[in-house]
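Model, not experiment: these values are computed from the prediction. Chain naming here is simple, since letters A, B, ... match the order of the sequence lines and numbering starts at 1 in each.
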Number of protein chains: 2
Amino acid sequence: MSAPPEADALQEPRRGELTAAQSRVIAAAVVLFSRHGVGGTSLQMIADEIGVTKAAVYHQYKTKDAIVLAAAEAELASLEAVIAAAEAAPSRTRARDLLITGMVGLAVEDRRTVNTILTDPVIGEFFARHEHFRDVMRRLHGLLVGDDAGAPARVRTAMLIAAISGAVMHPFVVDLDDEVLRAELECLARRFLGLPG
Amino acid sequence: MSAPPEADALQEPRRGELTAAQSRVIAAAVVLFSRHGVGGTSLQMIADEIGVTKAAVYHQYKTKDAIVLAAAEAELASLEAVIAAAEAAPSRTRARDLLITGMVGLAVEDRRTVNTILTDPVIGEFFARHEHFRDVMRRLHGLLVGDDAGAPARVRTAMLIAAISGAVMHPFVVDLDDEVLRAELECLARRFLGLPG
DNA sequence: GTCTATAGTGCGATAGAC
DNA sequence: GTCTATCGCACTATAGAC
């Protein structure tokens with residue numbers, strides 16, 4: 001595919017460039033995965049969602065697994081961007097601040113998709129097998145609690161990640177405005193970490 | 001699958017009245033759902049897991065949806081028992097204490113099954129349709145924050161539920177001993193609620 | 001890049017014997 | 001309660017025209 005060289009410096013996840021057709025496939029897949037689970041989503045559903053045939057989808061990705069992998073990495077890329085921004089912060093306090101704000105922002109923005117996809121067993125297997133995911137998690141943990149690899153620190157990080165990504169899709173908050181939810185989540189997340197906020 | 005939604009509202013299975021054969025089906029289903037997702041689990045897999053044929057499984061439950069529903073309510077029943085015990089406590093403080101201990105205990109005990117099943121999109125649809133689930137969540141919320149239905153209280157409850165159920169299956173804590181994980185989770189959950197302990 | 005057409009497989013579900 | 005056997009269908013994946 002041919003793209004204008006200037007205009008698209010913004011959406012490159014650095015890990016494999018997606019063509020426009022591929023982006024359409026992944027966008028549809030993410031929505032459907034979150035609605036029906038990975039196992040409950042067929043290539044026919046993805047094809048229908050973007051208005052093409054199955055064969056056209058197969059031309060972009062040779063197998064369903066390849067689509068699942070690309071969708072998982074697309075989701076991960078958003079988180080990685082937030083982490084990279086936080087790592088570039090001048091101070092540790094500022095870094096944690098950026099991280100909380102960024103993570104809450106991502107979760108609120110996507111709501112239903114983020115956690116459902118992150119907790120899907122099929123995606124979980126991909127993440128467990130791929131070093132890139134573990135690396136991102138390690139960097140996130142480092143920003144939150146430093147080099148401490150003890151049990152309390154690890155449980156703390158796990159709880160914060162689960163709390164933010166899981167809370168946004170809970171029935172209790174479905175009717176809340178994005179801005180209200182974002183503010184409350186940030187406040188409670190900071191308090192959980194013992195930060196001012 | 002994906003039957004007309006209106007049809008199954010009347011035929012709620014009575015909890016706690018499972019035959020031995022039905023219990024075997026549900027136990028196998030819960031394990032497989034958490035490992036492959038609901039959509040990725042076939043009746044053949046369930047039949048193989050308990051060593052019978054598909055037809056024998058169909059004799060216990062007429063459709064796959066009926067199995068999914070029974071499995072979801074079996075998971076919910078554990079939580080309901082914890083809530084009932086907490087509601088019977090003499091004081092509100094004691095009730096919250098029992099609730100935290102019970103919820104953490106359930107989550108640690110099951111680890112992989114609890115959260116994966118709770119966040120599966122197919123199970124989520126069942127929960128959204130059935131009043132019983134909403135009732136359990138309402139009682140849980142009441143125990144945690146009383147009658148307060150404001151945004152901060154709801155976000156707080158949602159975060160705590162997500163934090164406990166989600167943290168136990170995070171990669172960071174997979175290697176932790178059950179007792180260590182339980183102690184850390186209880187401590188952090190209490191602190192999140194501003195309780196002593 | 002998308003199409004039609006088709007392969008081979010496994011699915012949910014049913015009938016009827018034991 | 002479990003079995004064998006089967007139906008009709010949807011699935012993943014491929015081949016080849018445009």
Side-chain angles (χ1 to χ4, degrees), chain A residues 1-4 8 16-72 120-123 125-126, chain B residues 1-8 11 13-14 17-33 35-72 120-123 125-126:
Chain A
M1 143 202 165
S2 57
D8 64 343
E17 305 182 353
L18 299 182
T19 65
Q22 284 173 331
S23 297
R24 266 178 270 136
V25 170
I26 298 306
V30 164
V31 170
L32 290 168
F33 288 168
S34 71
R35 199 144 59 211
H36 306 107
V38 172
T41 301
S42 69
L43 286 160
Q44 185 66 69
M45 292 162 76
I46 296 175
D48 288 348
E49 182 87 2
I50 55 183
V52 297
T53 62
K54 279 187 291 180
V57 175
Y58 270 108
H59 183 257
Q60 308 301 332
Y61 293 97
K62 282 194 241 300
T63 65
K64 183 181 176 182
D65 274 9
I67 296 177
V68 174
L69 181 56
D120 189 287
V122 182
I123 305 248
E125 262 176 41
F126 274 120
Chain B
M1 14 180 258
S2 206
E6 302 90 3
D8 57 13
Q11 97 161 356
R14 296 170 303 275
E17 291 188 9
L18 298 182
T19 67
Q22 283 173 331
S23 296
R24 261 177 275 137
V25 170
I26 298 307
V30 165
V31 170
L32 290 168
F33 288 167
R35 198 145 57 212
H36 306 106
V38 172
T41 302
S42 70
L43 287 160
Q44 185 67 67
M45 292 161 77
I46 296 175
D48 290 347
E49 182 86 3
I50 55 184
V52 297
T53 61
K54 275 194 292 182
V57 173
Y58 269 107
H59 184 259
Q60 308 300 331
Y61 294 97
K62 282 193 241 300
T63 65
K64 184 182 176 182
D65 274 10
I67 297 177
V68 175
L69 180 56
D120 189 286
V122 181
I123 305 248
E125 264 177 38
F126 275 120

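Without hydrogens or angle criteria, A:K54 side chain to A:S42 main chain gives no donor-acceptor distance under 3.5 Å.
With C:dA15, D:dT2, D:dA15 as the choices, the nucleotide that has an atom nearest any side-chain atom of B:A55 turns out to be C:dA15. You'll find that the side chain of A:T63 is closest to D:dA13, out of C:dG1, D:dA13, C:dC11. Checking D:dT2, C:dA13, D:dA13 against the side-chain heavy atoms of B:H59 singles out D:dT2 as nearest. Closest to the side chain of B:K54, out of D:dT14, C:dA13, C:dT2, is C:dA13. Picking from C:dT14, D:dT2, C:dT2 the nucleotide with the shortest atom distance to the side chain of A:A56 gives C:dT2. Among the nucleotides D:dG1, C:dC3, C:dG1, the one closest to the side chain of A:V52 is C:dC3. Distances from the side chain of A:L43 to the nucleotides D:dT2, C:dC11, D:dT12 place D:dT12 closest.
Put simply, B:S42 has a side-chain N or O that comes within less than 4.0 Å of OP1 or OP2 on C:dC11. Distances shown here put every side-chain N or O of B:Q22 at or beyond 4.0 Å from the OP1 or OP2 atom of D:dG1.
The OH atom of B:Y58 sits 19 Å away from the P atom of D:dA5 (whole-angstrom rounding). Put simply, CD on A:Q44 is 16 Å from C1' on C:dC11, counting in whole angstrom units. Note: CG (B:D48) to C1' (D:dT2) measures 15 Å, nearest angstrom. As a whole-Å value, the separation of A:L18 CG from C:dG1 P is 12 Å. The interatomic distance linking B:I46 (CD1) with C:dC11 (C1') rounds to 13 Å, in whole Å. One can place CG of B:D65 at 17 Å from P of C:dC11, the figure rounded to the nearest angstrom. The distance between atom OH of B:Y61 and atom P of C:dG12, rounded to the nearest whole Å, is 16 Å.
Two residues, A:K62 and A:M45, neighbour DNA chain D, and the one matched to the more 5' nucleotide by heavy-atom proximity is A:M45.
At a threshold of 4.0 angstrom between heavy atoms, the contacts of B:T53 include nucleobase atoms, whether or not backbone atoms are also involved. Looking at heavy-atom distances under 4.0 Å, B:T41 makes contact with sugar-phosphate atoms alone, never a base.
Residues A:Y61 and A:L69 are not in side-chain contact: their nearest non-hydrogen atoms beyond the backbone lie 4.5 Å or more apart. Side-chain contact between A:F126 and A:V68 is present, with heavy atoms from C-beta onward closer than 4.5 Å. Contact annotation: the side chain of B:H36 approaches that of B:M45 to within less than 4.5 Å [non-hydrogen atoms, C-beta and beyond]. Side-chain contact between A:I67 and A:V57 is present, with heavy atoms from C-beta onward closer than 4.5 Å.
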